[in-house]
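Just below is one structure, and these are the notes that go with it.
Values below: every heavy atom of this structure, side chains too, minus hydrogens, waters and symmetry copies. Sequence lines set the chain letters: A, B, ... in the order given, protein chains first and strands last, and positions in each chain run from 1.
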Number of protein chains: 2
Amino acid sequence: MADTWQEELRARGYRVTPQRQLVLEAVTSLEHGTPEEICTEVQRTARGVNISTIYRTLELLEELGLVKHTHLGHGPPTYHLAADADHVHLVCQECGTVTDVPTRVAEGLVDTLTRDFGFETDVHHLTVYGRCSNCH
Amino acid sequence: MADTWQEELRARGYRVTPQRQLVLEAVTSLEHGTPEEICTEVQRTARGVNISTIYRTLELLEELGLVKHTHLGHGPPTYHLAADADHVHLVCQECGTVTDVPTRVAEGLVDTLTRDFGFETDVHHLTVYGRCSNCH
DNA sequence: TTTACTGCAAATACTTTGCAAGCCC
DNA sequence: GGGCTTGCAAAGTATTTGCAGTAAA
């Protein structure tokens, strides 16, 4: 399963470029990152890369199902690998800390929404706000 | 319990102004609204009110615990009365529809997070993404 | 009168878009 | 070589801030 995504790109008429590889690597190594942070990470290797390329690339990678994003509050969205997405974000409204917990915690919620409302939950996009154990 | 919030304002050294009353009324009648939408609603009564006043007022009303906001996706946040907040938002990633369901559906999740992670969930700020019954 | 509040305009943050040059295939 | 991609700059959308005039108490 070496370079599947590259082939997938080409199969769809897109091209494999250094920028796209770098963005995917940055998302991988950062685990969680805003477009700005990803841009900074990419620029450690290739200085010329523009922020608008980051936005365009993230949109493309998301369309391909390689990365996902979540809204963790006011600011810019956070991107992460779709493959690493098996967790739910807990955001502390007090200190801003983000904790990852297994999606298993939302099983009951998912079942209820499916059963009672016919709603198919995207658990990987779930963010829960509240107070972490340090802040109460 | 007529004018408690006005007294609360004054008690804290703030002032009761027509703008603040109008914003609260707009949030009440809209049920859910972005700052922009609230501004438009307010301006149906008082044309001169500026969008920056809306932002400042919403921040104040939230600090007082009268209104709350949620992030329903990319765009601007949605404000609603704290008193009306007893629901969870289901956002369809396909058609964009927002459905309100009782917070009760998240009981299990809340309990698990409290028990296993010491995390105190703010259910009223909970937004669940996925596909609604019409979109799959 | 005192000083919080507002409107206005400018600044800031985040994201998108147009276009000519560049590079993948 | 064709056309998808990129960098750059400019425009667009969302929000914040400074300041001087206005109004609540």
For residues His87(A) and His124(A), establish whether the separation of their ring centroids is below 6.0 Å.
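Centroid distance His87(A)-His124(A): not below 6.0 Å, so no.
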Nearest-Å distance for atom pair [atom1]/[atom2], residues [X] and [N]:
| X | N | atom1 | atom2 | answer |
| --- | --- | --- | --- | --- |
| Arg10(A) | dG2(D) | CZ | C1' | 18 Å |
| Leu72(A) | dC14(C) | CG | C1' | 16 Å |
| Ile51(B) | dA10(C) | CD1 | P | 18 Å |
| Tyr14(B) | dA24(D) | OH | P | 18 Å |
| Leu58(A) | dT15(C) | CG | P | 10 Å |
| Tyr79(A) | dC14(C) | OH | P | 13 Å |
| Glu59(B) | dT17(D) | CD | C1' | 12 Å |
| Arg12(A) | dC24(C) | CZ | C1' | 19 Å |

Go nucleotide by nucleotide along DNA chain D from the 5' end; which of Thr17(B) and Gln19(A) gets its closest nucleotide reached first?
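Its nucleotide being nearer the 5' end, the pick is Gln19(A).
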Comparing Asn50(A) and Pro18(B) on DNA chain D - which has the more 5′ nearest nucleotide:
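Looking at DNA chain D, the more 5' nearest nucleotide goes with Asn50(A).
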Report yes or no: is there a donor-acceptor pair, N or O only, under 3.5 Å between the side chain of Arg20(A) and the base of dT5(D)?
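Looking at the base of dT5(D), it does not pair with any donor or acceptor on the side chain of Arg20(A) (distance under 3.5 Å).
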Do the non-hydrogen side-chain atoms of [X] and [Y] ever get within less than 4.5 Å of each other?
| X | Y | result |
| --- | --- | --- |
| His80(B) | Glu31(B) | no |
| Leu66(A) | Glu8(A) | no |
| Val101(B) | Phe119(A) | no |
| Tyr79(A) | Ile38(A) | yes |

N or O in side chain of Tyr55(A) less than 4.0 angstrom from dT16(C) OP1/OP2
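For dT16(C), OP1/OP2 do not have a side-chain N/O of Tyr55(A) under 4.0 Å.
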Thr53(B) side chain N/O closer than 4.0 Å to the phosphate oxygens (OP1, OP2) of dG7(C)?
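For dG7(C), OP1/OP2 do have a side-chain N/O of Thr53(B) under 4.0 Å.
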Out of dT15(D), dG7(C), dT16(C), whichever nucleotide has its closest atom nearest the side chain of Arg56(B)
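Out of dT15(D), dG7(C), dT16(C), the nucleotide with an atom closest to Arg56(B)'s side chain is dG7(C).
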Among dT17(D), dA4(C), dT16(C), the one nearest Arg15(B) by side-chain distance:
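So the side chain of Arg15(B) is nearest to dA4(C).
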Students often get this wrong, so: under 4.0 angstrom with heavy atoms, is Thr34(B) touching a base, only sugar-phosphate, or nothing?
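Since no nucleic acid heavy atom lies under 4.0 Å of Thr34(B), the category is nothing.
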Once you apply a heavy-atom cut-off of 4.0 Å, does Gly75(B) come out as touching a base, just sugar-phosphate, or nothing?
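Nothing, no heavy atom under 4.0 Å.
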